[in-house]
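Reviewing the structure listed below.
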Amino acid sequence: MIEEDLLRTIPERTEITEDAKAFIGQLAQFQELMMMYNCAIREVRTKLEVLNDELAVRSPHNPIEMIKSRVKKPVSIAGKLKRRGYEMSVDSIRRNLNDVAGIRVICAFIDDIYKIAGMLSSQDDITVIQVKDYIRHPKANGYRSYHMIVEIPVFFSDEKVPMRVEVQIRTIAMDFWASLEHQMKYKQDIEGAEEIVERLAQIAGQINRTDMEMQEIRDRIQGK
Ligand code: 0O2
């Protein structure tokens, strides 16, 4: 246990209160949990890279343009627990949050998104916990993306732990839009915010039409 290892590193004669011990314990548990989420990301990322390598050999183009990943920042974890009214503890993170480990897959075309999602879901060590298809059912603000919460077993030295990872799959254009729109979330007093929201919704529609047209042109080029 990381917790015991940490306590052993404190010199013997150092006064350590029960409170401090409990705090060190929580920090150690948090560190261990984040390490586990990082390992889960690596497992899912490898699966996606393998699919991409295989499909690149078998088809005329690479379905995946880019893969990004992140472990949610402590401040965002705490914010989400608080907003949802969950207990603020390391155990609560594990029990209540599905998106601490996140992978974003950027594809060139919409049909690649469904191809990758289908292939990942059908692997027998992957359990799909939840799917949110914001491409077929876009959000009112225009947000489009395909979200999956998957569970994958991760093998550690003495145990196999099922870990949850959020996988967001979207096109380059959807990603471009979402990155800019996401900034609205953190800016309170933007001048003309209503107009910006309206314009973003319109652009999301244009982006969708462009994505579909690009796919149609690709099909014609490839004689499909
Ligand atoms: P961040 O900072 O990106 O991590 P649930 O987990 O199902 O209880 P949640 O978290 O609302 O509920 O799930 P959902 O709808 O699948 O959204 C998860 C993530 O998708 C968000 O994480 C965003 O990254 C992205 N997302 C969802 N809706 C929007 C949107 O309208 N605009 C943009 N730009 N991104 C969106 P976080 O935790 O909100 O934020």
Side-chain angles (χ1 to χ4, degrees), residues 30 33-34 36-38 40-42 44-45 48 64-107 110 113-114 116-118 120-121 126-152 162-190 192-211:
F30 183 77
L33 186 60
M34 293 305 114
M36 290 163 84
Y37 279 122
N38 268 310
I41 285 178
R42 227 180 297 155
V44 177
R45 206 185 163 112
L48 291 161
I64 297 176
E65 289 288 327
M66 201 195 315
I67 302 175
K68 307 180 206 174
S69 57
R70 63 102 181 97
V71 168
K72 215 174 178 69
K73 291 191 185 123
V75 66
S76 307
I77 292 175
K80 194 157 188 175
L81 286 176
K82 189 161 186 284
R83 274 197 310 281
R84 304 267 158 109
Y86 294 126
E87 188 191 288
M88 292 284 213
S89 70
V90 176
D91 192 41
S92 170
I93 300 173
R94 181 82 199 279
R95 277 187 284 112
N96 297 312
L97 300 188
N98 287 331
D99 64 343
V100 177
I103 298 187
R104 193 166 285 156
V105 184
I106 315 296
C107 297
I110 296 174
I113 296 174
Y114 290 100
I116 293 292
L120 184 66
S121 308
I126 287 275
T127 308
V128 179
I129 305 290
Q130 184 192 68
V131 170
K132 286 189 194 168
D133 187 347
Y134 292 123
I135 298 173
R136 293 202 171 110
H137 309 284
K139 288 179 67 171
N141 60 2
Y143 179 74
R144 284 174 173 80
S145 189
Y146 189 90
H147 293 192
M148 288 197 290
I149 305 292
V150 299
E151 199 169 74
I152 184 165
M163 299 295 300
R164 290 186 177 188
V165 179
E166 183 191 62
V167 183
Q168 297 182 352
I169 319 178
R170 50 172 79 145
T171 62
I172 302 164
M174 289 173 195
D175 188 53
F176 182 38
W177 182 94
S179 302
L180 185 59
E181 194 274 346
H182 196 254
Q183 292 181 25
M184 294 287 288
K185 199 171 154 183
Y186 301 103
K187 298 262 170 77
Q188 253 75 53
D189 304 315
I190 308 171
E194 262 180 44
E195 188 221 335
I196 293 178
V197 168
E198 210 171 291
R199 282 174 70 189
L200 279 169
Q202 274 175 17
I203 294 167
Q206 288 165 18
I207 280 176
N208 187 241
R209 286 190 289 281
T210 306
D211 271 340

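We count ligands from 1, going down the list as the structure has it; atoms in each ligand are counted the same way. Atom set for the values below is all heavy atoms of this structure, side chains included, hydrogens, waters and symmetry mates excluded.
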Quick check on ligand 1: any N or O pairs to the protein under 3.5 Å? One line per pair.
unit_1	atom_1	unit_2	atom_2	d
ligand 1	2 (O)	H182	NE2	3.4
ligand 1	2 (O)	Y186	OH	3.4
ligand 1	3 (O)	H182	NE2	3.4
ligand 1	4 (O)	R70	NH2	3.3
ligand 1	4 (O)	K72	NZ	2.9
ligand 1	7 (O)	K132	NZ	2.7
ligand 1	8 (O)	R84	NH1	2.7
ligand 1	10 (O)	K80	NZ	2.6
ligand 1	13 (O)	K132	NZ	3.1
ligand 1	15 (O)	K132	NZ	3.3
ligand 1	15 (O)	Y134	OH	2.6
ligand 1	16 (O)	K132	NZ	3.4
ligand 1	16 (O)	H147	ND1	2.8
ligand 1	20 (O)	Q168	NE2	3.0
ligand 1	24 (O)	Q168	NE2	3.3
ligand 1	28 (N)	K139	NZ	2.8
ligand 1	31 (O)	K139	NZ	3.3
ligand 1	31 (O)	N141	ND2	2.8
ligand 1	32 (N)	E181	OE1	2.7
ligand 1	34 (N)	A178	O	3.1
ligand 1	34 (N)	E181	OE1	2.9
ligand 1	38 (O)	K72	NZ	3.0
ligand 1	39 (O)	K185	NZ	2.8
ligand 1	40 (O)	K185	NZ	3.3

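- For Q168, the side chain to side chain donor-acceptor pair (under 3.5 Å) test picks out R104, E166, R170, with sequence neighbours left out.
- In this structure Y134 satisfies the ring-ring contact (aromatic ring centres under 6.0 Å, His included) test together with Y143, H147, sequence neighbours excluded.
- Applying the side chain to side chain donor-acceptor pair (under 3.5 Å) rule to R95 yields the partners D91; only residues at least two apart in sequence or on another chain are considered.
- For the atom pair CD1 of I172 and CD1 of I207, the computed distance is 11.5 Å after rounding to the nearest 0.5 Å.
- Results of the salt bridge (Lys or Arg N to Asp or Glu O under 4.0 Å) test with D99 over K80, K132, R164 single out K80 as the only residue that passes.
- Checked by atom type, the side-chain pair Q130/N98 shows no donor-acceptor distance below 3.5 Å.
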